[in-house]
Every structure is written in structure tokens, then in C-alpha cells.
Student: 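Right, I'll just put the structure down here and ask away after.
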There are 2 protein chains.
Amino acid sequence: MAIQKPSIPKGTRDFSPLEVNRRQYIINTIKKQFVLFGFSPIETPSFENLSTLTGKYGEEGDRLIFKILNSGDYLAKVDEQLLTDKNSQKVISQISEKALRYDLTVPFARYVVQHQNEITFPFKRFQIQPVWRADRPQKGRFREFFQCDADVVGSDSLLQEVDFVQLYDSVFTELKTPVEIHINNRKILSGLAEVADISAQLIDFTVALDKLDKIGEEAVKEEMRGKGISNSAIEILSPLFSMNGDYKTQFAQLKEILKSSETGLKGIEELEFVFENTTNIGLQSAELVLNLTLARGLDYYTGAIFEVKAKIGEFSSSIGGGGRYDDLTGIFGLKDISGVGISFGLDRTYLVLEENNLFPALEDSTNIQALFINFGTKEAAEAMKLVKQLRQSGINTEVYPDDAKMKKQMGYADKKGIKKVILLGEKEIAEQKATVKDMISGEQTEVAFADLANALS
Amino acid sequence: MAIQKPSIPKGTRDFSPLEVNRRQYIINTIKKQFVLFGFSPIETPSFENLSTLTGKYGEEGDRLIFKILNSGDYLAKVDEQLLTDKNSQKVISQISEKALRYDLTVPFARYVVQHQNEITFPFKRFQIQPVWRADRPQKGRFREFFQCDADVVGSDSLLQEVDFVQLYDSVFTELKTPVEIHINNRKILSGLAEVADISAQLIDFTVALDKLDKIGEEAVKEEMRGKGISNSAIEILSPLFSMNGDYKTQFAQLKEILKSSETGLKGIEELEFVFENTTNIGLQSAELVLNLTLARGLDYYTGAIFEVKAKIGEFSSSIGGGGRYDDLTGIFGLKDISGVGISFGLDRTYLVLEENNLFPALEDSTNIQALFINFGTKEAAEAMKLVKQLRQSGINTEVYPDDAKMKKQMGYADKKGIKKVILLGEKEIAEQKATVKDMISGEQTEVAFADLANALS
């Protein structure tokens, strides 16, 4: 066979031992809090039936779903005219029945409906798995990435929103990362659309508003005008961009604007509940920020929406987000199940911790603590017996596999950052003592076999 | 949109909280030993370039690889004649550039070559990730399943084989599962082919031999005859099927048979080294078994081969396997790197533990330890403050989200197996005491807020 120059697909990554350990540190921190907060883990398949995913993420989303080619003679039954026309779009459903998971929320909705008789509601689940999107790769955005989601379905209590604020606070406090938790409510945005008389254009309005961070106020207004939102409507919406002061001040102003909209006032009431309870309970390090221009892309949100931003470093994209959705399971046949959930972005959180040197010293977390130098077959055989005992005492250890030159073996220990090297020659075996060399100080100590575990731990 | 009846693709699975926790128990046990044995974790992308995988698993393997459809107008550049001919096979490479990982070994070989300058050899890595095969699903065989692999590359020392026997022993001892570790050596099989003068048919010989467990001796011989292996050759190979006694006795017989084959004698020598050292070091619960009919399917093995079988229960398939391969990285341009590795089958190990009731009580490992009954907005707000403190003390707890009827709230606690329920009404708040109800005994105790963490842990 010809030699292939190895590479991996665009937007995917290999993870080295250090990177795996750092990612695992973040995942373990999140998972620990998920459990403390009463969430149980589930896992769903990496690929779903294509029909389960299609139509759930908008037209753009449908394009970004990775489809899996059917096995076997997959072209046999395809409509010949479509092939002749090279109609890529219409051929998809005839040659692909499965697709890679695009997020964890739709598979979760599918899971809830499919397993509704085994589930106790309200159902609190967490799920930490990769998802795939055929997006254009850029900093912090990959074609394969992990999502860490916690959701509750089957309760419309606002205590859930309050608890999710606590959950974000607990996780990012443990990760030593101060964050702002931005919060808004879709009902407020609906109310504003009502009073501006643009309810029919609610989605255009929120889609434009969602870009505020990226393109600025003027461009957002320009986009709204482009979508046919009148200048007078934009005038009515304008206070959105200039409102400030603490949440109470802003709510007072907003109540005045929204006084004619029942939906809008309901949104304010819901947010007030979250703010009051959060103030009452307190936050460890995070800050809850009212952000009336927060819109979030996904259409299915109906109540509170969240987005988390780090307060340190240069990386300004959101590192988490979520919100309440009132009818996600409806499409799969289970009506009137309200849900609310949040997601942690593993890759972006990684970038923030890396940039700000917030990772603990994990370099050694899977490293060998002690290496036995190999002096030959007989000595190595004795070393293997000690290795077995030491591992049973919880010490990561190994024998160098070959009786290579000392320099080579020491070089291996050095490059791998192994802290102790153990010399076990004929003399040491006869005396039942090992010579332990500290790789940093260079100091050598004789340690009786029976004391070795203590000396190394 | 029309309502869809939810389902998942054939051969895939949803995992409930209990199943996730049980799988995690197995994974954590394996991972702990991998680290003690000096292996470091890596992760590779779920999909590789199709060309990286094609041709590495035989013709059958190529068919079973899940291909990912290219994005966008994927048909635009396809050869029109191939479409008209509906030539499914030839069109694949024109509409698919990526494919789901089929195992962890080939991606690992690709990783080693691609990152050879960052790696310290001998390189000991472990990798625990899902793989996908378009196989016919059956008991213990799925289209998405996890592999847990440990490999060493860059050393041909037989101490590695010895250490892998220890690794299997350590993992299955911790899992309380007595196992037989079957071992053979491909060089012995090559030697036998030499003395029977069928070296040109070595692969036919091993492929047939590999089926011995499933189809029996006579059918294996029949298959060999079908492949043109002569009766006189089969006569020479016959002792394979009848050899017994301890490993020393068998080796003595085998040396006689293989005396004219240098390769065969080398294979015996290698196995003797593994047996002698394993006897010297000792095993905790596993048994090392010489199995001269063990062949294993994959072509790339060149030395020792392993297969692990549980000694308990009805499930007789192998729950682990591996072996030495001398040139796996060659295809990617890195020659003369010997490797040896083993794999643990998560799903099959799960079946064995389940069948033999060997899972520890994990039902509660992510469960709520205490539920605060919700008596209304004010009381719940107070409860949330206590919940925050208790979680900081490591107690999994939550407030029931709604002030539903007591019966409903208690029913939730009961169904979820929550052990303690906390009543926090107006009176309790005034007195700064909570009433803790034990859900099993029904006993109620008054506990001061300050003592709550102790009382619950």
C-alpha cells in the first residue's frame, strides 16, 4: 500500500494526555455539581434517525447536520431522475437515514417521549457527550465538540431558573472563573414586539437583536429596517439599547413601557422572582446581570434565557447558555411539558482557563510516580514483583521495558517528568533494599522493600 | 409539523441513569488501573478521513465502516456515468471524505505518526471512546459501542506482554470477575504452517482456526480442506486440537513438532517468558491459559495474542483481547515501531457483571440524598438557602419545585428512592429547626439548621 501522510478532518482535534486531563478536570467539576443539584445522567446514541433531527434547528441547522450514508447498495432504490439532475438536497433522504447528533436537547426531548413511562417527573437529567456540526471552524468553534447539559422537564416552577443561576455560580466558582450570568425573558421581547406592533416579525426582531454584541446597535437597527420593521417601531424599541441602572430601576422603566402588554408584564414578574430569590440566597462569585438585549438564536425558548460570559481575559464569547422552552417534546407527541435547561461549553471554558492560567497542576495526574530502571531480565523480574505491590498501594509505577543504556532510561524518566527513579541491581535485590533517586534534587536514598510504598507516596 | 413516533436507529441504545452509572463504574475501574500501570490518556476525533480507515480492516471491514456524506452540493462533481450506473461502491469516495472510527487502533497508529515529534517512546497510551460498525446487531454486539484500549508502541520487550497479563488480572479482580486469560503466539501458528508446508495459506489457516469455539474441530478442518489445505497438512496440524496438560508439558510436545521451524521455536520461547514471569509475579484471581488454537481475526498481529473469557455465567464470548503487532504505523510512514495492546469490551463486561449480580449498589450514586418539601414561595425561598449550604457540604439535595399536594411530593421522593425528606414550614423556620423524615423507617426528627449537614451525611 502507498504511504499516507496522516491528517485529521478539518474542525476536529486530537487531544494529548495533558489536554485530556484538563478537559476531564472541567467535566468532573461540572458533573460533581450536576449531581449535587440532583441531576441524573443519561446518554443517547451518537446518531439519531435523520427524521428526528431534521426541521428542529431551522433551515441553516438542517444544512449543518452531518448525514451518514446508508450501508450496502445505497443507490439501488434512488429515483433516477434525481440522480440525473444531481439534486443533492432531494437525494439525501433516499441515501441517508441517520445523522450525527447536532445538540443534546432534541435527543433529550426524543428520550423523554420514548421513555415517558419509566421516568418520574419532574425529570432532572444531565448529559455530557459530543455533538457534531458542519460549521465553518474558527477559534473556539469546532466540528466536533462536547456539550454539558442539565435540564428539568415537567415543571414550570421558576425555582428551577433560580436553581440554574446557583448551578452556574457553583461550577464557575469551583473553576475559579468569575462570570456574569446574563438573563432575559422571551416574554419581555414578545411584549416589546406587541407594543411596537411588530408581533408578526418577532423572530426577525430577536434574530437581529441577538447580533447586538457582534455588530452593534446601528447595524441591528439597520437589519430590522431591512426586514421591514418601521422607524416608528424601532423608536418604541429604542429604550432597550439605553436602559441602565440596577435591575429594580430597569424593571420600573420597563413596566411603564410594557404596561399595555400582559405577556411583557408577565416576563418582568418572572425575572423579578429570579432576581429576588437570587439576592436572598446569594451568589459565591458570579454576578447576575439583567440584559434586555439578550435574545439567543434558538426559536424554542419561551421564558427565561441565560448566557454566561467570563469576566476575565480576552475571550468574550459566551461560555454557557440556556433557557425555558414550553413545548419541546410536543413534536414527538408529548404535549404541555415545560422544560428549562442550561449548557456549559467545554471548549470555550477550556480557552478561558488556559488563557488565565486557571488549570491546576494536572500534568502529573496520569503520570508515572516512579520508574524502575531495567538492569536485565533477572533484575526486571524482581522489579515486576515490587511494581505489583506498589500499584496495589495506589502508586503509578512501571519497569522500563528494555535493559537499555542507563542514559536512555534516565532520559525517558526526565522527558516524562517522572519524579523518582528506582535502582534495583543484584546487590539491592540481595539486601532487599532499593535505591531511590529523586530526579529533581538528584539525592539517592536506600529504602527497604517493605518501606517502598511509604517512601514513594 | 406532524407528530413523529420517537425511535432510535437499529443497534444503538439509550442509557438510563442506572445504566450510565454502571457503565461508568466499569470505565472508572479500568481507567484507574490504566493509570496505575503508567498509561496516559489520548482522544481522537469520532470521524477520520475515509482514506485513513479504508483498507485497514479487510474487505468485510471496509463495508462495515459508516461513511459520512459530504456537506453542501455533494453530487455536483460526481462522475455522471457512475450515477447512471448506480455504482454505489465507486460513488462512495466521490460523495464521502469522512467516516466514523471503526476501532481505536488505527486512529492510534495515525496519531503516533502524526505526533511522533511530541511523543516520548516507548509511548503508553490508553483511550476510552465509542466506535461504530455497520454490523448485524445481536446479543452483546451493537452498532455503537465503547472500546477501552491500552497500547505500548516503541518497545519489543516481552515485559509488556507480562505487564498486560497483570493489567487484565488487576482489572477483573477489582470487578470481582474471575477470568481466564487465553494466550497464544502468532509465530507458533506461522511455525505450524511452515512444518505443514502451508505457509502460503497462513491466513486461511488462522481464519479457520479462529472459528474453533463457534463451529468445532470437524468444521474447522472442513473449512481448511475447502481452502485447499491437504489432508496430510491437516494431519500434521492435528496435535493442535488435542494437546493438553500444563504449559510446560505442552511446550515440550510443541518443541518436538516445531523443531525444524525457527519462527515456531521463537514463538514458544516468547510464550515461555510470559508464563515464567507471570508465575514468578503471581496473579490475584485470573488464570493464564495456553490456548494453541487461539488465532484472532485481525491480520496485523505478529506475536503474542490474548483473549479473555469470564469463568462465570452463561456469556461465553470474549470480554477482552489484544496482541502484538510489529508494523502497524508503517502504512502511515513510520517503520519498525513494534506495538502491543489490549482492549476491554465494555458492553460484554457489563453483561457478565449484570448476569452475575456483580454491580455494587450504584442506584444511588447520583441520586438525591434529601428532598425539601415545598410549602409555598416563602418557605421554599428559605429552603433554597439551606440547600445551598448542604450542597457545599457535599450533600445532593433539592427543593421540590412546586407547592404541590404533600401526597404528590412524597410520591416523588418515594419513586426516586430518596432516603430523607425535610419539612420546613413556618414554624420550623421561626425555630431554625427542620423536621427530617426518614423515608424507610418513617421516623421524624427535629434538627437545628446548623446540624443539618451532619444529620444527612
Side-chain angles (χ1 to χ4, degrees), chain A residues 1 3-4 6 8-9 12 14-15 17 20 35-36 38 40-47 49 66-69 71 73-76 83 86 88 96 98 110-111 113-114 120 122 134 144 155 157 159-160 277 280-281 331-333 366 368 380-381 384-385 388 391 396 398-399 401-402 415-416, chain B residues 1 3-4 6 8-9 12 14-15 17 20 35-36 38 40-47 49 66-69 71 73-76 83 86 88 96 98 110-111 113-114 120 122 134 144 155 157 159-160 277 280-281 331-333 366 368 380-381 384-385 388 391 396 398-399 401-402 415-416:
Chain A
M1 282 182 275
I3 286 172
Q4 303 172 345
I8 52 176
T12 67
D14 283 329
F15 295 108
V20 172
V35 170
L36 283 169
S40 298
I42 68 160
E43 289 181 8
T44 62
S46 295
F47 46 75
N49 292 323
F66 279 113
K67 286 93 183 171
I68 295 173
L69 196 59
S71 302
D73 190 7
Y74 60 92
L75 287 176
L83 285 180
K86 291 194 168 183
S88 292
S96 168
K98 294 179 287 289
R110 194 266 311 143
Y111 180 99
V113 179
Q114 198 173 328
T120 305
E144 171 175 45
S155 161
S157 164
L159 279 181
Q160 313 288 16
N277 273 277
N280 178 42
I281 302 166
I331 183 65
F332 299 115
T366 60
I368 303 153
M384 290 290 276
K385 286 202 244 177
K388 181 184 177 193
R391 287 171 180 162
N396 310 346
E398 64 179 5
V399 182
D402 306 287
K415 273 192 211 142
K416 293 203 65 169
Chain B
M1 281 184 278
I3 286 172
Q4 303 172 346
I8 52 176
T12 68
D14 283 328
F15 295 109
V20 172
V35 170
L36 283 169
S40 297
I42 69 160
E43 289 180 8
T44 63
S46 295
F47 46 76
N49 292 322
F66 279 113
K67 287 94 183 172
I68 295 172
L69 196 59
S71 304
D73 190 9
Y74 60 92
L75 286 176
L83 286 179
K86 291 194 167 186
S88 292
S96 167
K98 295 180 287 290
R110 194 265 310 144
Y111 179 99
V113 179
Q114 197 173 329
T120 304
E144 171 174 46
S155 162
S157 164
L159 279 182
Q160 312 290 15
N277 274 276
N280 179 41
I281 302 166
I331 183 66
F332 299 115
T366 61
I368 303 152
M384 290 290 276
K385 286 202 245 178
K388 182 186 178 192
R391 286 171 181 163
N396 310 347
E398 65 179 6
V399 182
D402 306 287
K415 273 192 210 142
K416 292 202 67 169

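Every chain is numbered from 1 and lettered A, B, ... according to where its sequence line falls, protein lines coming before strand lines.
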Student: So, for A/Ser88 and B/Leu75, which heavy atoms are closest and what is the spacing to 0.1 Å?
Tutor: OG-N, 3.0 Å
Student: Which heavy atom of A/Asn396 sits nearest a heavy atom of B/Val35, and at what distance?
Tutor: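 Where A/Asn396 meets B/Val35 most closely, the heavy atoms are ND2-CG1, 3.3 Å.
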Student: Kindly compute the distance separating OH (B/Tyr111) from CZ (B/Phe332), expressed to the nearest 0.5 Å.
Tutor: 15.0 Å
Student: With a 4.5 angstrom heavy-atom cut-off, which part of A/Glu144 approaches chain B: side chain, backbone, both or neither?
Tutor: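 Answer is side chain: those atoms of A/Glu144 sit under 4.5 Å from chain B.
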Student: Can you tell which of A/Ile68, A/Asp14, A/Thr12 has the highest number of heavy-atom pairs within less than 4.5 Å of chain B?
Tutor: A/Asp14
Student: Using heavy-atom distances under 4.5 Å, tell me whether A/Ser71 contacts chain B through its side chain, its backbone, both, or neither.
Tutor: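 Interface part for A/Ser71: side chain.
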Student: What part of A/Lys388 gets closer than 4.5 Å to chain B, counting heavy atoms only: side chain, backbone, both or neither?
Tutor: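 Just the side chain, heavy atoms under 4.5 Å.
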Student: At a heavy-atom distance under 4.5 Å, which candidate from A/Lys415, A/Gln160, A/Met384 has the highest pair count against chain B?
Tutor: A/Met384
Student: Between B/Ile8, B/Val399, B/Asn277, who has the most heavy-atom pairs with chain A when the cutoff is under 4.5 Å?
Tutor: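 The option with the most such pairs is B/Ile8.
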Student: Relative to chain A, which of B/Lys86, B/Lys67, B/Arg110, B/Arg391 shows the most heavy atom pairs under 4.5 Å?
Tutor: B/Arg391
Student: Let me know if A/Ala381 has heavy atoms under 4.5 Å from chain B in its side chain, its backbone, both or neither.
Tutor: both
Student: Quick one: side-chain hydrogen bond (donor to acceptor under 3.5 Å, both in side chains) partners of B/Lys385, sequence neighbours excluded?
Tutor: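 Testing B/Lys385 for side-chain hydrogen bond (donor to acceptor under 3.5 Å, both in side chains), a comparison that skips the adjacent residues, returns A/Asn280.
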Student: Let me confirm one number: the OG1-NZ distance from B/Thr120 to A/Lys416, rounded to the nearest 0.5 Å.
Tutor: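 Result: 7.0 Å between the selected atoms.
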Student: Using non-hydrogen atoms only, which part of A/Lys98 is less than 4.5 Å away from chain B: side chain, backbone, both, or neither?
Tutor: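 The side chain, not the backbone.
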Student: Looking only at atom types and distance, does a side-chain atom of B/Tyr74 sit under 3.5 Å from a main-chain N or O of B/Ser96, one as donor and one as acceptor?
Tutor: no
Student: Going by side-chain hydrogen bond (donor to acceptor under 3.5 Å, both in side chains), name the residues that satisfy it together with A/Asp402, two or more places apart in sequence or in a different chain.
Tutor: B/Ser155
Student: Which atoms form the tightest heavy-atom contact between A/Leu159 and B/Ala380, and what is the distance?
Tutor: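 What the structure gives for the nearest pair is CD1-CB, 3.8 Å.
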Student: Please flag which part of A/Asp73 lies under 4.5 Å from any non-hydrogen atom of chain B: side chain, backbone, both or neither.
Tutor: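 A/Asp73 touches chain B through backbone and side-chain heavy atoms alike.
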Student: Chain B heavy atoms under 4.5 Å from A/Glu43: which part of the residue, side chain, backbone, both or neither?
Tutor: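 Answer is both: backbone and side chain atoms of A/Glu43 are under 4.5 Å from chain B.
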